[in-house]
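Report on the following structure.
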Amino acid sequence: MNAGINILCYKSKALADGSHPLMIRVCKDGKKKYLSLGISVLPQFWDFEKNRPKRNCPNKMQLEKLIADRSREYAEQVIEFATENKSFTATTLVEKVSKSVVKRTVGAFLLAQYEALRKQGRTGYAMTYLDVYNSMVNYNNHLDIYFSDIDVTWLKEYEAWLRSNSSAENTIGKRFRTLRAAFNVAIEQNIVKPEYYPFKAYKVSKLQQATAKRSISKANIEIVLAYEGHTHYSRLAIDLFTFSYLMGGINFVDMAYLTESNFVDNRLIYMRKKTGKLIQLPMRSKAIEIIGKYHSAESRYLFPVLSDFHKTEQSQRNRIHKVITKVNKCLKKIGKELEIPIDLTTYVARHSYATVLKRAGVSTSIICESLGHSSEKVTRIYLDSFENSQIDKAMENLL
């Protein structure tokens, strides 16, 4: 398994300025493989007998560091092959070590991820990358750094800076989760080596704050659904809340984009904007009634949130934000009138859908699928309030 690894000044090749390239030579099983280190040295500055730069070499320290680093990389790879009991040749050893890491700064990477997600239509998730980019630039003054520069100390200092600027706990957690996700993608894209991953030691989970209760009981849901609004917006608010609750807890943004093409064979079929997951659900009669109430031939959208006037992604985003703000304002007012124990919002419909199904004995995996969550872990966050009440009831049996 042993291999001879040397770095030498390759006299057989002379460049235009008279210098010779530094090469790494790997000898294994009688075969040799050479690879340039991308740097050259003038012969008067190289000791060919001792195979190292002379004392008067202008960039002696940099050359010695490069030689030591590259020699270490090859030695470590040989040890890894031996540990895994893998055979290798001079060629495969060179190919394994020389697999170049793509040079890309953290700033350039985050902006590229933002653009890629935005083009995929995942605007909300894209904005989290832009938020992290802006926050990190404010902290570090620039992001002309590499992922390998972000170590545990850097993360702790960034966290401390966020806290000193009165950032909310959930905001801090969200930014660190996004940065961790970015780091994982950077490793996959060979932008940073796995050994520089800092999140094994720095635990993002400690930044997770318990989410306030966002679900209400089935009895309260029935009270809300029976409410008759007195204004256009109050009626729209109740109808959108009802549609979300009945149709798998569909998110407000996804509702806004629904068209007739989303209904096939009496089923609602759509792709979640946030996760890209495909959702297929049977239509409920009450949901069909609500669609009939708002859909008109003048707009391709089923609900009066977006229209053909909103052509750009930004105008659509602005419009959705404006409408959901008004809808949630109406829902909160209605909730207080009906004495609902928490603030009523469109998101309460989504959480309540999940909780009611769980209390009816439906498995978390099925609820996860219908909600379009990326994992059951996310679904369990939705169900936290239900699980706590179940534990409370169970503990009544202790005495």
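One-based numbering along the sequence shown. The analysis underlying the following values was restricted to heavy atoms, covering all of them including side chains, and did not include hydrogens, waters or symmetry mates. Source: prediction; values computed, not measured.
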Does any non-hydrogen side-chain atom of [Y] lie less than 4.5 Å from one of [X]?
| X | Y | answer |
| --- | --- | --- |
| Val327 | Thr325 | no |
| Asn59 | Cys57 | yes |
| Asn266 | Ile288 | yes |
| Gln189 | Phe109 | yes |
| Tyr294 | Leu302 | no |

| query | What pairs meet the salt bridge (charged side-chain N to carboxylate O under 4.0 Å, His left out) rule with one or both residues in residues 236-254, with sequence neighbours excluded? | reply | Asp239-Lys293, Asp254-Arg272

| query | How are the rings of Phe88 and Phe81 set to each other: parallel, tilted or perpendicular (split at 30° and 60°)? | reply | parallel

| query | For Glu115, which residues count as a side chain to side chain donor-acceptor pair (under 3.5 Å) partner, sequence neighbours excluded? | reply | Arg118

Would you say the side-chain atoms of [X] and [Y] include a donor-acceptor pair closer than 3.5 Å?
| X | Y | result |
| --- | --- | --- |
| Tyr158 | Ser135 | yes |
| Asn184 | Glu188 | no |
| Thr91 | Thr89 | no |
| Asn165 | Ser167 | no |

Strictly distance-based, threshold 3.5 Å: is any side-chain N or O of [X] a donor or acceptor partner for the main-chain N or O of [Y]?
| X | Y | value |
| --- | --- | --- |
| Asp151 | Pro198 | no |
| Ser244 | Ile250 | yes |
| Asp131 | Met127 | no |

| note | Here the gap from Leu344 atom CG to Lys332 atom NZ, rounded to the nearest 0.5 Å, amounts to 10.0 Å

| query | In Å and rounded to the nearest 0.5 Å, what is the CZ to CZ distance from Phe45 to Arg55? | reply |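 Phe45 atom CZ to Arg55 atom CZ measures 15.5 Å (nearest 0.5 Å).
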
| message | Could you report the tightest heavy-atom contact between Gly124 and Arg317, atom names first, then the distance? | response | N-NH1, 3.9 Å

| said: By the ring pair (Phe, Tyr, Trp, His ring centres under 6.0 Å) test, which pairs, at least two apart or in different chains, include something from residues 243-268? | reply: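 The answer is Phe243-Phe303.
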
| message | Centroid separation under 6.0 Å, is that true for the rings of Tyr202 and Trp154? | response |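 Ring centroids of Trp154 and Tyr202 are no less than 6.0 Å from each other.
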
